[in-house]
Amino acid sequence: PKGVAALSRGSKLLYHAHHKLFELHRMLNRELPQVELGGAEREFVLGLRETPAPTAHELLKLILRAEEELARVKSGLEELCQGSDLREDPAVEDVLLWLKRLRML
């Protein structure tokens, strides 16, 4: 049925979203990203993928959870950037020059 397919698709998208959110949290904590999730993170995302939300209400709760995690990531990024010398909008020429220097190494 159409409704079941939509719930399955929503769960699949949440699987990908949470996978990325876990990695973003890791990088904000100055940890290396992982190719493959492990432990509770793995169980959580696999649960999303293998057992789609049974109702639209349950899917909405999972979406809200992802949005809360995204807000935490944004907040962590803002904290990290405060006092940083990173420019919000670096000049394209500067970036190109930097890339050329990297290629010469």
Side-chain angles (χ1 to χ4, degrees):
K2 195 174 188 179
V4 173
L7 292 172
S8 180
R9 174 94 172 121
S11 290
K12 179 180 178 181
L13 294 172
L14 284 168
Y15 159 86
H16 289 290
H18 277 286
H19 194 288
K20 304 306 181 252
L21 287 166
F22 285 134
E23 293 310 316
L24 288 169
H25 277 297
R26 213 175 321 285
M27 288 186 282
L28 286 173
N29 290 324
R30 300 184 189 276
E31 299 170 23
L32 293 174
Q34 298 176 359
V35 174
E36 189 175 300
L37 295 177
E41 292 176 347
R42 183 178 189 277
E43 294 302 316
F44 178 74
V45 296
L46 282 179
L48 291 171
R49 188 73 168 104
E50 295 173 352
T51 310
T55 65
H57 180 70
E58 288 299 315
L59 185 62
L60 181 58
K61 286 178 15 181
L62 291 167
I63 291 169
L64 292 174
R65 179 176 175 177
E67 288 177 347
E68 289 170 359
E69 287 301 315
L70 180 59
R72 281 194 271 284
V73 166
K74 287 180 179 180
S75 175
L77 182 59
E78 288 170 3
E79 287 177 26
L80 188 65
C81 290
Q82 284 180 351
S84 171
D85 61 351
L86 294 174
R87 291 183 284 176
E88 225 177 275
D89 205 8
V92 174
E93 296 82 20
D94 292 343
V95 174
L96 290 174
L97 181 61
W98 176 74
L99 286 170
K100 285 179 185 176
R101 286 182 186 151
L102 280 178
R103 295 179 94 189
M104 291 181 178
L105 295 178

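This one's a predicted model, so the numbers in the text were calculated from it and none came from an experiment.
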**Report entry** For L37 against R42, the heavy-atom pair lying closest together
**Finding:**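 Answer, listing the atom of L37 first, then R42: O-CD, 3.3 Å.
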
Query raised in the report: Nearest heavy-atom pair of S11 and A53: which atoms, and what distance?
Result: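 Residues S11 and A53, closest heavy atoms: OG-N, 2.9 Å.
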
Got a donor-acceptor contact below 3.5 angstrom from the [X] side chain to the [Y] backbone?
X: S75; Y: A71; answer: no
X: Q34; Y: E23; answer: no
X: S8; Y: P52; answer: no

Any [X] side-chain heavy atom under 4.5 Å of [Y] side chain:
X: L24; Y: L77; result: no
X: K61; Y: R65; result: no
X: E41; Y: V45; result: no
X: V73; Y: K20; result: no
X: M27; Y: P33; result: yes

Linking I/L/V/M/F/W/Y whenever any side-chain heavy atoms sit under 4.5 Å apart, do [X] and [Y] land together?
X: F44; Y: L21; result: no
X: L14; Y: L7; result: yes
X: L48; Y: I63; result: yes

If you measure from [atom1] on [X] to [atom2] on [Y], what distance do you get to the nearest 0.5 Å?
X: E68; Y: L64; atom1: CD; atom2: CG; answer: 6.5 Å
X: H18; Y: L46; atom1: NE2; atom2: CG; answer: 13.0 Å
X: E31; Y: H25; atom1: CD; atom2: NE2; answer: 11.5 Å
X: F22; Y: E69; atom1: CZ; atom2: CD; answer: 7.0 Å

Query - More than 12 heavy atoms of other groups within 6.0 Å of R72 CZ - result: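 It does: R72 CZ has more than 12 such atoms within range.
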
Requested in this report: Would you indicate whether L99, at its atom CG, is surrounded by more than 12 heavy atoms from other residues, nucleotides or ligands within a distance under 6.0 Å?
Outcome: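 It does: L99 CG has more than 12 such atoms within range.
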
Query raised in the report: Stepwise, does the side-chain contact (heavy atoms from CB on, under 4.5 Å) test hold for K74 with L70?
Result: CA-CA 6 Å; K74 287 180 179 180; L70 180 59; 4.0 Å; yes

